[in-house]
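The structure presented is a predicted model; accordingly, all values stated were derived computationally and were not measured.
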Amino acid sequence: MSDNTELAAFRAEVRDFIAAELPADLRRKVIEHRRLEKQDFLRWQGILQARGWAAPNWPVSHGGAGWTPAQRQIFDEEAAIAGAPETPPFGLRMVGPVLLKYGTPQQRERYLPRILTGEDWWCQGYSEPGSGSDLASLKLRADRDGDHFVLNGQKTWTTYAQYADMMFCLARTDSGGKPQEGISFLLVDMRSPGVTVRPIRTIDGDTEINDVFFDDVRVPVDNLVGELGGGWTCAKFLLAQERFGAARVGRAKRELAILQRIAAQRVVDGVPLSTDPVFAARLARLEIDGLALQETNLRLTERVLADGGLGIEASVLRLLGADLAQRITEQQVEVAGVHGIRYPDGAFSLDGAGVGPDWAEPLAGFHLNLRKISIYGGTNEIQRNIIAKILLDQREGSWQHVDLQDEQRAIAEAVGSYLDREYPPPPRTTLEPAHWKSFAEMGLLGLAAEDSGADASTTAVVLAEFGSRLVDEPYVSTAVLGARLLASGLPGQRACDEILPEVVAGERIVALAHGEAQTDHNPHSVETRAVRTGDGWSLTGQKIVVIDGGRADHFIVSARTSGEAAAEAGISLFLVDRDQTGLDLRDYPTIDGRRGTDLRFADLHLPETALIGAPDQAFPVLDEALDAATAALCAEAVGVMSAVLDLTTQYIRDRRQFGSRLADFQVIRHRWVDMLLALEQARSLAWLAARHVDDADQAVRARMVSAAKVGCVEAGRLLRQQGIQLHGAIGMTDELALGHYVKRLFAIEHTFGGVRHHLTRFAENS
């Protein structure tokens, strides 16, 4: 769902309209988590209806906005961010579309105009005592008596039934055959004799849900929607409507902004809570998950619009959106601290007067109320079951390429085809140098060179394929990081004139020597020194854990040529040959089976041509190149995680315990779904980082890349831990491919900075 020119103009139109028309008192109620009454909802609906926007998903011919799904997403997001009330969905977004698809002309003529104006307020009659998410077990009877159905039974958890004029409900009209086949979809006048509404007080003190009792309630046969016994068809269609926009991205953005604001206002021990390192880290994690949710929502919506999707998109978004929303409210209550305990009668009123901050009193109730979002419309457990049923029981093969554009898919398939045909799968004992030359012939080693014309997204596609096959080549070190640094060289320097063309041709391997014992991954903390001599430079110091250094022909070494050890200015880059006199090196295996190197320079003499770029000016280039390499590593991690999920999927499908497949045990299925959810979020963040690698705004680039690294590391932890757990004892063996993927994820986690470094960097660039 690319935000092209047309959609950008629509977004601007929505923003302008809301800014001009949203009443200030309604906005304040939403932003301050105050309780909304019926007249509040109706007032906002009337404003939208006057513009023709009350029913986004209705056709214009019936009074709707006639918007595309992309426009609906934009409107919902912008309205939520601005603090507009959500229009009650039961009439406009649920029964209205059902009537448009399955209703009779008479039903549409009677009810649709009244839904638009708010003259009829609707509620949903689905759940019953003992029949929550299991709708097929409902017991409300609807027995035919001439021109009427006679209803007897009960509905529960009925939201806003106390306001409702009408209910759409599922009732049992036939007890024979399959349970779903005997259910019908009926429209019930809530003012009918025999209807009794009893409020249910929830843990936040509200009464928005109700029991509804039916005692010989007569419903005209004309109020049957669709076929007799066809209610299940209507119900499934309605659920699809209900789950549109399930991610609630706009709400997440609004509540994150509120959290940031109140954290800056709340002073604890004399300083704003937002400056507390522990709280700042929590906030950064929520912001990163917010980015992941937004990108996943865009990807999955595009997937549905393109080809109908896999059938799991709404459930994935519902799970991710509910989890993030609940975690945000937890931190809002954390900010309130002891003030959050106060819960006076006026807590949800605009004129409530408390001793503490005016935003604090409603937070506990808002937090408690939001526990419902992982329950209604099918609990989180039901959503996991839906995902598992479709992907574990009905779908075969990997879905790694499902979101790629045609050109990207062609590249992925070409690279994947070569690797499947020529590259030995893990665990492997030897590698042929010919593969590196083949990568050069395929044009893969020149993608990061300045004049290649390829963007970082192409590199990301290649790295995802490499990760899924556990390609053991120094691609990120040489073809991404090394190539970018070499390309920054000046004419006459060896790096630019000689080494870069040989790297692109597959004839040279280079590795960056930047990390030092005291720096972890601070790109401007450099103590290695380079001092000018008469005809060049003298290099002194040491570098540690040079990734892929064991195979490198040359090292790109960062050294301080002026300034303080932790300053950004004063860093230069030098090209050092592996066999250079004065270089002491020690190679060793890394946890993932690659070769790392420690280097020591003892007055190592370099000619002037060994300098890369201008002296003292390496930091911006180094920072950009490290971001590009980190983004590429995240894409590789996505490929590795995809392989872990695929291996685990096949294993739990094949392995039998206690007479059943492992994949048939619900606890296994839910753990597997959690792996899938983590991978989807990591994939979103990795592609987001790839799009921003060459962003001219350094702060934006830093935020996106660091967000991706944090997200991919945390997803990688979950996948590698659960992958081993679901394999059982055999997952601990080195003879299984899984273990090699697990070790690669571990190495990626600690390359180019871990979670601590990137969380701090993300927060610093906010």
Is a donor from one side chain sitting under 3.5 angstrom from an acceptor on the other, for [X] and [Y]?
X    : Y    : value
Q650 : D646 : no
S558 : K543 : yes
W687 : S457 : no
R578 : H554 : no
R494 : T609 : no
H605 : S538 : no

Below 4.5 Å, heavy atoms only, C-beta onward: do [X] and [Y] meet side chain to side chain?
X    : Y    : answer
S572 : D616 : yes
R594 : R744 : yes
L392 : I652 : yes
D598 : V546 : no
D694 : R701 : no
Q542 : E516 : no
F466 : L444 : yes
S766 : E287 : yes

So, [X] side chain and [Y] main chain: donor-acceptor pair closer than 3.5 Å or not?
X    : Y    : value
S468 : G639 : no
R409 : L404 : yes
D553 : I509 : yes
T561 : G570 : yes
R586 : R600 : no
S488 : L485 : yes
Q493 : G613 : yes
D455 : T458 : yes

Please round to the nearest 0.5 Å and tell me the distance separating atom [atom1] of [X] and atom [atom2] of [Y].
X    : Y    : atom1 : atom2 : result
T478 : L445 : OG1   : CG    : 8.5 Å
L447 : I411 : CG    : CD1   : 7.5 Å
L626 : L512 : CG    : CG    : 6.0 Å
L647 : H727 : CG    : NE2   : 6.0 Å
Y651 : I730 : OH    : CD1   : 5.5 Å
W672 : T648 : CH2   : OG1   : 10.0 Å

Does R469 qualify as a cation-pi partner of Y423, given the criterion of NZ or CZ under 6.0 Å from the six-membered ring centre and within 45 degrees of its axis? no
What heavy-atom pair brings [X] and [Y] nearest, and what distance separates the two atoms?
X    : Y    : result
A628 : V693 : CB-CG1, 3.7 Å
V710 : V755 : CG2-O, 4.1 Å
V461 : A412 : CG1-CB, 3.6 Å
A610 : L606 : CB-CB, 3.9 Å
L573 : A618 : CG-CB, 3.6 Å
G596 : T590 : N-CG2, 3.8 Å

For a salt bridge (charged side-chain N to carboxylate O under 4.0 Å, His left out) check, start with the C-alpha distance between R691 and E295, then their side-chain angles and the critical distance, and finish with the verdict. CA-CA 12 Å; R691 294 204 307 271; E295 288 299 306; 2.9 Å; yes
For E564, does the CD atom have more than 12 heavy-atom neighbours from other residues, nucleotides or ligands under 6.0 Å away? no
Take atom CD in E407; do more than 12 heavy atoms of anything else shown fall under 6.0 Å from it? no
Salt-bridged, [X] to [Y], with N to O below 4.0 Å?
X    : Y    : result
E680 : R299 : yes
K743 : D734 : yes
D627 : R484 : no
E313 : R303 : yes
E749 : K709 : no
D623 : R761 : yes
E608 : R532 : yes

Q617, H514, H524 screened by side-chain contact (heavy atoms from CB on, under 4.5 Å) with I571, the one that passes: H524
What's the verdict on side-chain contact (heavy atoms from CB on, under 4.5 Å) for T630 and H758, showing C-alpha distance, side-chain angles and the deciding distance? CA-CA 11 Å; T630 303; H758 284 286; 4.3 Å; yes
Apply the test side-chain contact (heavy atoms from CB on, under 4.5 Å) to residues L676 and D674: give CA-CA distance (whole Å), side-chain angles for both, the deciding distance (0.1 Å), then the verdict. CA-CA 5 Å; L676 173 72; D674 288 340; over 6 Å; no
Determine, stepwise, if the pair F574 / I612 fulfils side-chain contact (heavy atoms from CB on, under 4.5 Å). CA-CA 5 Å; F574 296 90; I612 303 175; 5.9 Å; no
What is the ring orientation for F439 with W436, classed by angle as parallel under 30°, tilted 30 to 60°, or perpendicular over 60°? perpendicular
R671: which residues meet the salt bridge (charged side-chain N to carboxylate O under 4.0 Å, His left out) condition with it, sequence neighbours left out? none
The test is side-chain contact (heavy atoms from CB on, under 4.5 Å); show your working for T733 and L736 and say whether it passes. CA-CA 6 Å; T733 65; L736 199 69; 3.8 Å; yes
Aromatic ring proximity, centroids under 6.0 angstrom, H750 and F746: yes
